[in-house]
Protein chains: 2
Amino acid sequence: MTKARVLVIEDEEALRLALVDALRSEGFDVLEAADGERGLELALSEAPELVLLDLMLPKRDGFSVLRAIREDRLQSAVIVLSARGEEWDRIQGFEFGADDYVVKPFSTRELFGRMRAVLQRIEGKAPGLPAEAGKIPIGEFVVDFSAYTVERKGVRAGLSRKELELLRFLLDHEGQVLDRMRIQDAVWGRGNESTPRTVDMHVLKLRRKLEREPEHPRHILTVHGVGYRFSRTGEDARRS
Amino acid sequence: MTKARVLVIEDEEALRLALVDALRSEGFDVLEAADGERGLELALSEAPELVLLDLMLPKRDGFSVLRAIREDRLQSAVIVLSARGEEWDRIQGFEFGADDYVVKPFSTRELFGRMRAVLQRIEGKAPGLPAEAGKIPIGEFVVDFSAYTVERKGVRAGLSRKELELLRFLLDHEGQVLDRMRIQDAVWGRGNESTPRTVDMHVLKLRRKLEREPEHPRHILTVHGVGYRFSRTGEDARRS
DNA sequence: GCACGTTTGTCACCGGGTTGTCAACGCCGC
DNA sequence: GCGGCGTTGACAACCCGGTGACAAACGTGC
């Protein structure tokens, strides 16, 4: 990929500048806008590969901008940057069409990780289609992120929001061992007070839905004393 | 990499001293600074692996220090220590650019957890994509440190935490003859009470996982009466 | 080469910590 | 109020690290 174009729509000066700097130094071609109106204008006229969109914006809020972008059948991927707050619920599960979202405050590492994942996902996608998360095969299962379902040989199961978010995080970090804290931070948000064991519970639920033999998982693997590791293709859980 | 260098930039005396103590006793090589100017100076001249950076600092605030560090293309990871409170909103922008951040007050446990995570991520982070990070060939095996696995001809085996730590140590000291005490100090921690024979046990386990013929080891070699020696390329353990 | 003492390899097992699983609870939307 | 979901606590199942015992390998002195 040669120099993807990224549009940053963010009103807070300090953050926008920091973002633009960081992106430029990563080799992106960067456009910027400080309000929703200008942002939409640029998005439509320049059709960047990726839009980083703040939700609370002057003139035209992020939701409205996103809707307009989607209505225009623009191919741009959109990553929403949001402060945790009342709009949080509406964001969860990106029911409203974003490809991903990042909660402020976030680190460069996290943002770049998500950007990479999103850009990779839309790469090789049929042109003209909106850049929705789409269907992803996992072993003999197919997960449909926009429909919240998993399917295997015609049998379909629904996924809850948390399950989907957890799965998405695992997918984005396939192959790495992720400790509970890391998972919790990413999926539940930082400063979350709940037990690390909650993660286990959701892993259990996911296993029931996308493992052929939930008691012998091939995709969501346990690394004793450390955390979990995800494998898309599936692995033999062998004894040591 | 044993003994990572950490720079603490924190003006509050009590906290800084506590941090420095705790870090030293964890085996880190610690540098400290009480204001932003001095901190930046040290960061640039010493290029530590990790910087712990307070945001509210005399002379030069944390944000400015962070930017300067980044502009200098320094490889150091930065963890921001911030107080939640009146400046939270401002901080949200400032957090950006850090590898991670910890909200005051924090426990040493939490801080160490994040440090470990960050350092692990940094480790072997070649200037490419992090996809291949942490994969190291050993003979015809490939060890993936971020996945806790060893693979040989498509056959994968999981490594436990201790096994991985031991292997990491051996790898870091390839070619040297290491006596049991040295290994034990490094992997199990100084002042550990367990039998030196425990080392043997784990060597045995490692051999089973990354030797083609565990009974004729080519990588983890015994030096009778002394200890063990590790070889990445593999040696014929044939007598002469 | 042999015998013996020492060092290392290997096994089975135990104890404690970690994870899997269930049932129950509270919350929210309907 | 009902049902789904997220979360928690409790308990069982499991895994891993560590230990002691014994066999095998090694090295030394004869």
Side-chain angles (χ1 to χ4, degrees), chain A residues 86 88-90 92-93 95 148-150 157-167 169 177-181 183-184 187-189 191-209 211 213-229 237-240, chain B residues 113 148 157-167 169 177-181 183-184 186-189 191-209 211 213-230 237-240:
Chain A
E86 69 277 356
W88 178 244
D89 288 342
R90 294 165 71 188
Q92 290 215 347
E95 290 169 316
Y148 289 76
T149 58
V150 204
L159 288 174
S160 75
R161 257 179 246 215
K162 271 279 180 305
E163 286 165 356
L164 200 87
E165 284 189 61
L166 173 57
L167 178 55
F169 181 70
V177 174
L178 305 161
D179 59 67
R180 288 177 177 63
M181 188 179 75
I183 295 174
Q184 211 175 357
V187 179
W188 276 261
N192 173 288
E193 294 298 313
S194 57
T195 314
R197 297 307 309 284
T198 302
V199 175
D200 300 34
M201 189 68 242
H202 285 269
V203 165
L204 174 65
K205 289 176 173 179
L206 267 186
R207 279 177 174 162
R208 286 197 178 134
K209 290 181 180 171
E211 294 283 3
E213 308 170 282
E215 61 286 3
H216 296 136
R218 296 162 48 81
H219 298 293
I220 308 180
L221 305 155
T222 301
V223 180
H224 196 96
V226 189
Y228 295 98
R229 182 166 58 88
R238 63 182 50 264
R239 299 277 65 74
S240 32
Chain B
Y148 286 66
L159 290 174
S160 76
R161 210 228 293 273
K162 267 278 170 330
E163 286 164 357
L164 198 89
E165 283 169 10
L166 173 57
L167 178 56
F169 180 72
V177 176
L178 304 160
D179 60 75
R180 288 179 177 63
M181 201 189 309
I183 296 174
Q184 209 174 359
V187 179
W188 276 261
N192 174 284
E193 295 294 312
S194 56
T195 314
R197 298 307 311 286
T198 303
V199 176
D200 299 34
M201 187 69 242
H202 284 270
V203 165
L204 173 65
K205 289 179 172 178
L206 266 187
R207 279 178 175 161
R208 286 197 178 135
K209 289 182 181 173
E211 294 284 4
E213 309 169 283
E215 59 290 356
H216 297 135
R218 297 162 50 82
H219 299 293
I220 308 180
L221 306 156
T222 302
V223 181
H224 196 94
V226 190
Y228 296 97
R229 185 166 56 86
F230 183 77
R238 205 125 310 173
R239 345 259 158 286
S240 30

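Note: hydrogens, waters and symmetry copies are ignored here, and every other heavy atom, side chains too, is used. The chains referred to below are lettered A, B, ... by the order of the sequence lines, with proteins before strands, and numbering in each begins at 1.
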Visitor: Within the pair S160(A) and dC5(D), is there a side-chain N or O less than 4.0 Å away from OP1 or OP2?
Guide: no
Visitor: Side-chain N or O of T198(A) less than 4.0 angstrom from OP1 or OP2 on dG6(D)?
Guide: no
Visitor: Under the side chain to side chain contact (heavy atoms under 4.5 Å, CB included) test, which residues partner V226(B), sequence neighbours left out?
Guide: V177(B), V223(B)
Visitor: Rounded off to whole Å, could you give me the CG-to-P distance for the L159(A) and dG6(D) pair?
Guide: 10 Å
Visitor: Produce the list of close N/O pairs, under 3.5 Å, pairing protein atoms with atoms of nucleotides 18-21 of chain C; give distances to one decimal.
Guide:
unit_1  : atom_1 : unit_2  : atom_2 : d
dT18(C) : O4'    : H224(A) : NE2    : 3.4
dT18(C) : O3'    : G225(A) : N      : 3.4
dT19(C) : OP1    : R180(A) : NH1    : 3.4
dT19(C) : OP1    : G225(A) : N      : 3.0
dT19(C) : OP2    : R180(A) : NH1    : 3.4
dT19(C) : OP2    : R180(A) : NH2    : 3.4
dT19(C) : O5'    : R180(A) : NH2    : 3.4
dG20(C) : OP1    : R207(A) : NH1    : 2.7
dG20(C) : OP1    : T222(A) : OG1    : 2.7
dG20(C) : OP2    : Y228(A) : OH     : 2.6
dG20(C) : N7     : R197(A) : NH2    : 2.7
dG20(C) : O6     : R197(A) : NH1    : 3.4
dG20(C) : O6     : R197(A) : NH2    : 3.3

Visitor: Please tell me if W188(A) has a side-chain N or O lying less than 4.0 Å from either OP1 or OP2 of dT7(D).
Guide: yes
Visitor: Just to verify, what does E215(B) make a side chain to side chain contact (heavy atoms under 4.5 Å, CB included) with, not counting sequence neighbours?
Guide: E213(B)
Visitor: Which residues pass the salt bridge (Lys or Arg N to Asp or Glu O under 4.0 Å) test with R207(A), not counting sequence neighbours?
Guide: none
Visitor: Under the side-chain hydrogen bond (donor to acceptor under 3.5 Å, both in side chains) rule, collect the residues that match up with Q184(A), sequence neighbours excluded.
Guide: N192(A), S194(A)
Visitor: Compare the minimum distances between each of dG17(D), dT19(D), dT8(D) and the side chain of T195(A), then state the nucleotide with the smallest one.
Guide: dT8(D)
Visitor: List the residues meeting salt bridge (Lys or Arg N to Asp or Glu O under 4.0 Å) with K209(A), not counting sequence neighbours, and say none if there are none.
Guide: E163(A)
Visitor: In whole angstrom, what separates E193(B)'s CD from dG15(C)'s C1'?
Guide: 18 Å
Visitor: Can you name the side-chain hydrogen bond (donor to acceptor under 3.5 Å, both in side chains) partners of D179(B), sequence neighbours left out?
Guide: none
Visitor: Could you tell me the separation between the CG atom of D179(B) and the P atom of dT8(C), rounded to a whole number of Å?
Guide: 10 Å
Visitor: If we ignore hydrogens and angles and just use 3.5 Å, is the side chain of E211(A) paired with the main-chain N or O of H219(A) as donor and acceptor?
Guide: yes
Visitor: Take atom CE of M181(B) and atom P of dT8(C), then tell me their distance rounded to the nearest Å.
Guide: 13 Å
Visitor: Within this structure, what is the CG-to-P distance between L221(B) and dA25(D), rounded to whole angstrom?
Guide: 17 Å
Visitor: With a 4.5 Å cut-off on side-chain heavy atoms, are V199(A) and W188(A) touching?
Guide: yes
Visitor: Rounded to the nearest angstrom, tell me the gap between atom NE2 in H216(B) and atom C1' in dT8(C).
Guide: 14 Å
Visitor: Could you work out, with salt bridge (Lys or Arg N to Asp or Glu O under 4.0 Å) as the rule, every residue matching R197(A), not counting sequence neighbours?
Guide: D200(A)
Visitor: Think K205(B) has a side-chain N or O under 4.0 angstrom from the OP1 or OP2 of dG17(D)?
Guide: yes
Visitor: Starting from the first five and the last five pairs of the helix from dG1(C)-dC30(D) to dC30(C)-dG1(D), work out the angle between the resulting helix axes, to 10 degrees.
Guide: 30°
Visitor: Specify the separation, in whole Å, of atom CG of L166(A) and atom P of dG6(D).
Guide: 11 Å
